[in-house]
> 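Dropping the structure in here first, questions after.
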Amino acid sequence: MRAYIRGPLAETAAGAIAADVLKACVHCGFCNATCPTFQITGDELDGPRGRIYLIKQALEGEPVSRLTQHHLDRCLSCRACETTCPSGVEYHRLLDVGRAEIATRVARPWHERLARRTIRFLTGHRQLLRALLILGRKIPAAQPKRAAKPIAAALSRKMSLLTGCVQSAAAPHFNASTTRVFAAAGIGLTETPAARCCGAVAFHLDAADEARAHVRRNIDAWIAELDAGSEAIVVNASGCATFIRDYPDVLADDPEYASKAHRVARAVRDPVEVLRESPPIAASAPANPRIAVHDPCTLRNGPGLEGAVARLLSGLGYEPQPISDTHLCCGSAGSYSLLQPTLSHRLRADKLEVLTANAPAAIYTANIGCWMHLGETSSTPVRHWIEAVDAVLGAIQETQTRETP
Amino acid sequence: MNDATEVLADQVRAAAEDRRALRIVGGDTKSWYGRAPVGKPLNVSRHTGIIDYDPSELVLTARAGTPVLEIEAALAENNQKLGFEPPIFGPASTVGGVIAAGLAGPSRPFAGAVRDHVLGARILNGRGQSLRFGGTVFKNVAGFDAFRLMCGAMGTLGVILDVSIRVMPRPEESISLVFNEDWQASQPRLTRLLGRPLPIDGAFHDGTRLHVRLSGPRAGVLTAAEELGGEHEDPTIWDQLRHMTLPNLRAPGLWRLSIPRTAKLGDIPGEQLIDWAGGQRWLSTTASPSQVTEIAAAVGGHASIFHRSDDDQDVFTRLPKTLFELHKRLKAVFDPAGILNPGRLYQGL
Amino acid sequence: MLDQFDSRIDPTFAPVDRQRLIARLQEALPERGLITKTEGMRVYETDGLAAYRGMPSVVALPETTAQVSAVLRICAEMSTPVVARGAGTGLSGGALPFPGCVLLSMTRFNRILAIDAQARMARVQPGVRNLAISEAVAQFGLFYAPDPSSQIACSIGGNVAENAGGVHCLKYGLTVHNIQRLELVTVDGEVLEIGGDALDTPGYDLLALITGSEGLLGVITEVTVRLLPNPVHTQVLLAAFPDVRQAGDAVARIIAAGIIPAGLEMMDRLAVNAAENHVHAGYPVDVAAILLCEIDGAAGDVEDGLSRVGAICLEAGASEVRQARDEAERRRFWAGRKGAFPAMGRMAPDYYCIDGTIPRRRLAEVLTEITRLSGVYGLPVANVFHAGDGNLHPLILYDAAASGEVENAEALGGAILELCVAMGGTITGEHGVGREKINQMCVQFSTAEIETFEALKASFDPAGLLNPGKAIPTLARCAEYGAMHVHNGQLPFADLERL
């Protein structure tokens, strides 16, 4: 479809991205078939083809209102549609441009603004967030067991590890496990204090400029690390990894950062991408091998890593059970679970039903958002898959470890 | 070869003007089927000839009065056949009559109905206008499929002039098996077999034995025959079934029940031959018409008197009122004066 | 452009009190069942034929048959046209809103109501996706045979309305051959049962009449489909040809040899390249055409059939013949074919998919003529088609932004369709007439035939409210099109032998 983008956006790199994506779309409607929200509401406005059309209208200068914003808000950004699109439409890139544009043209009611502002604020305040998550019974009150962290300096290969905002408050043990597993593989991981939050939360909550400030700070920190010999940026929250891969689009109109953003984006690795190169060897058999693996949308649809975690865990003696409708999002989708509770809860109920169909001992996922969201109502324990690897690798040599702070 | 379009059209136009009923006659081999014909005969049997037949197209187009045996002979020469295996009740039987009656043989559940094999038709409507619907190609969705409506309409919607039929290659191999068991044992056996991709293209029960026909490419048929067991039998029994020359099938008063294949039909006195893997029952019974109709309706099917006796008025199961009203409107579309085979299907149609 | 309805030659309706219509529909529909804002209705202005656009008065999203009845009753009482829409994947503009109509979206009817594996039937709501049926019955070793290229997204209600085909029609038939029973709501809100669970019903074969009636006779609210057992063994052969005519010749020879492939598909150079770029199906790209021939059945028969097909292709001049090495490759071969249309999105900003059928023996002749027409109109044409059925899908590549190209593409499409009619074929094999081919209906059918179609419609829908301006042209339109079309008494393609 040809689009005629009007207004100041037409002159920008973001406008060019939107025009390119729109041009590739032939309006065939295949995308609706795999869209989780379209399955639920059956309304063209809640499917990718309809959203593309809404964005097209807006960018072509038609009047937009809360109606368009409401239906774009309901998109999970899961990118399942991109996997079925025969024309190669990069829907999420258009969505990012469209959402940002509409945020400048449509005023949200005060309660929505407040909700967004509160979420952005909390993600920047770890201790407060943790306390609230426990109070709200979003995560267990018990402190996760303090895991021993190996000393990075003793290892020959070096990579950087994203700390994460929500994750560092809700599940600091993910990074501890990741560090131990990587140490066993001979890779030292270090966290960069200057690059805590990837910036996705702010970007998706109408604060694109705030997000860009974050992103520039992160890029500066990571470029310094990469220059100092770090091989890659390991991100064990697939949602954050996806956003970092999109840094070039986020800073598309910033010539100073364009090439640096590309370099950072290219350096991002999910742990499974690193570990599958020389798969870890189990020291012991898993205690409860029957498991379910939930591939987050951000793992399967963006980087195309569907099944990679299950294969890795199979190699360690786990028995991942078959799962149906793997393309449907669990409803977490960053802050979506807070802002769109109805759709989100429906998707979660459906997802837990298929995940537990074969009575697994635990559900393993790869993203902090899915972990919190599923864990909130699941009667089966939900964990990060790196914990499953950690559990069978055995103790790490005392001399190489120290307590986490 | 003779094109009688103009002659027939003149006759129809004249009848329409005088509002005179016409009884459409081909080979006159099925006058006992349906309600009693009335009116002046309109003889289509002199409108004859195969107009086009290219075996590589799998399509044959013929004028309605062409004897169906002539068509089958032409097909046989090219190792092809009519996939719907119509019953033929005499050498004079015409292809137009076969289409208008809409009767399909033993292969019906596997190869489809008459209308599934018809690609197009030229008809005369009740005004004597020549109309062509459909065409000569398999995939064609232009316009309403009015030609499919002609199948089984008993000539009440138009005089079929020519018809294009999709033909099929003859199977490379065909084997008939017989199992000595009653229907109670046969029905679950068939349900099991039909859930699998086996080359079955016929299954009937004669009251004491189940007959299964396997047809298709050789390897599949031979493998299936070996696996299914049973005894091999002379396959000509399928021709007798198709043309209804088996005992009792040509007797006046014979009922035809069309019901869901897996249904359990209630008890009814008399003898049944069960064809279409359970979906078509030929019944000779002392039960009253309303009993027969009800027992078929109870399982979601319908019953008709296949071979009319002299005193039979209605032969087909009555339609709900709204549907019948719709039928009358459809009839009026094609035949506003109501002159074509009036009452042959239902009174008032 | 044909998306513009013309009051002189298309049906017209008196203006409706929109506020009253909205008020009455709101009573009949659930919350969030009615869209009235232009901003929200815009996404419903078009279907899979995105070049055509029209604005409805409102969009209704019913959830039950009773609600459909109620909506139709209101529309009948208020003389408001109604356009039913399924998944909106149709390529002939069948779901294009008639200006000011009530657009009736059936997507919320998305439940599979019952699967009877023993009887090999499934009862489904019309919004259920075609592929979802096969997925749901796979556990019983069954499948639903018709498989249009859009099967991942298109809905069964739309399939019935269009009598949809697919790549396996040659052996397994079209939608009409694979359904058993329908629930149909008439324009006055009456619910009719058409067909049944037995193989036939008394009276006229209404099931066959409704199938393919493009939403002109009623709204389908339930469909019972027939299921088939999955074949034991399926294998596909790919043959590459240095000349398109050789490929066409191979097709005729395969059928004449008495082989009925499950699928027999052909793609020309442009289509092969586009599909290969997108799907990486492993097609050879430096060829004039490829044939995909799928045979299913017992292992021995498949092997035997394919070796015969392979020999025929080589005899006809194929430069390469190979079978898929494994199931994954077989799926890739088909994925390339099924993704071929939308993959054109990478070759040009817009494409226009044509859908004529011709007798197989005219294939080479027609392809040559299409190439010539492509040159005359100055627009590239890629050919993807169901060669086994003679069903062509020439894809005209154009750029809607370039001045006059839309009209040019439309004109080239019309010329190709009329070529199909001249060859003894038809203007639509499976996509339906819709709005797109409304003028070409005048070429294929006589005045008396079109009058019959109109009367058939009127017997269901006397006021002509259901999907007006589609599928059946008015005689006024035909008169005008004929006048526009026949210049100096000359028919198009005067130099070609006519049937």
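Note that the coordinates shown come from a computational prediction; the quantities given were computed from them, not determined experimentally. Chain A is the first sequence line, chain B the second, and so forth, proteins listed ahead of strands; every chain is numbered from 1.
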> Using salt bridge (Lys or Arg N to Asp or Glu O under 4.0 Å) as the criterion, point out the one residue from B:Arg115, B:Arg108, B:Arg256 that pairs with C:Asp200.
B:Arg256

> Counting only heavy atoms closer than 4.5 Å, note whether B:Phe138 contacts chain C via side chain, backbone, both or neither.
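Interface part for B:Phe138: both.
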
> Fit a plane to each ring of B:Phe133 and C:Phe453, take the angle between them on a 0 to 90° scale, and name the class: parallel (under 30°), tilted (30 to 60°) or perpendicular (over 60°).
tilted

> For B:Asn140, is it the side chain, the backbone, both or neither that has a heavy atom under 4.5 Å from a heavy atom of chain C?
both

> Look up atom OG1 in B:Thr322 and atom CD in C:Glu190, then write down how far apart they are to the nearest 0.5 Å.
4.5 Å

> Let me know if C:Glu214 has heavy atoms under 4.5 Å from chain B in its side chain, its backbone, both or neither.
side chain

> Heavy-atom pairs under 4.5 Å with chain C are the metric here; pick the option from B:Leu345, B:Leu319, B:Leu326, B:Thr317 that has the most.
B:Leu326

> Relative to chain C, which of B:His302, B:Met150, B:Arg192 shows the most heavy atom pairs under 4.5 Å?
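Highest number of pairs under 4.5 Å: B:His302.
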
> Just give me the residue among B:Asn79, B:Thr262, B:Leu157 that pairs up with chain C most often, heavy atom to heavy atom, under 4.5 Å.
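It is B:Leu157.
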
> Select one option (side chain, backbone, both, neither) describing which atoms of B:Ser56 are under 4.5 Å from chain C's heavy atoms.
both

> Any side-chain heavy atom of B:Leu330 sitting closer than 4.5 Å to one from C:Leu456?
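Result yes, sub-4.5 Å side-chain heavy-atom pair found.
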
> Enter the distance from B:Asp145:CG to C:Leu174:CG here, rounded to the nearest 0.5 Å.
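It comes to 9.5 Å.
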
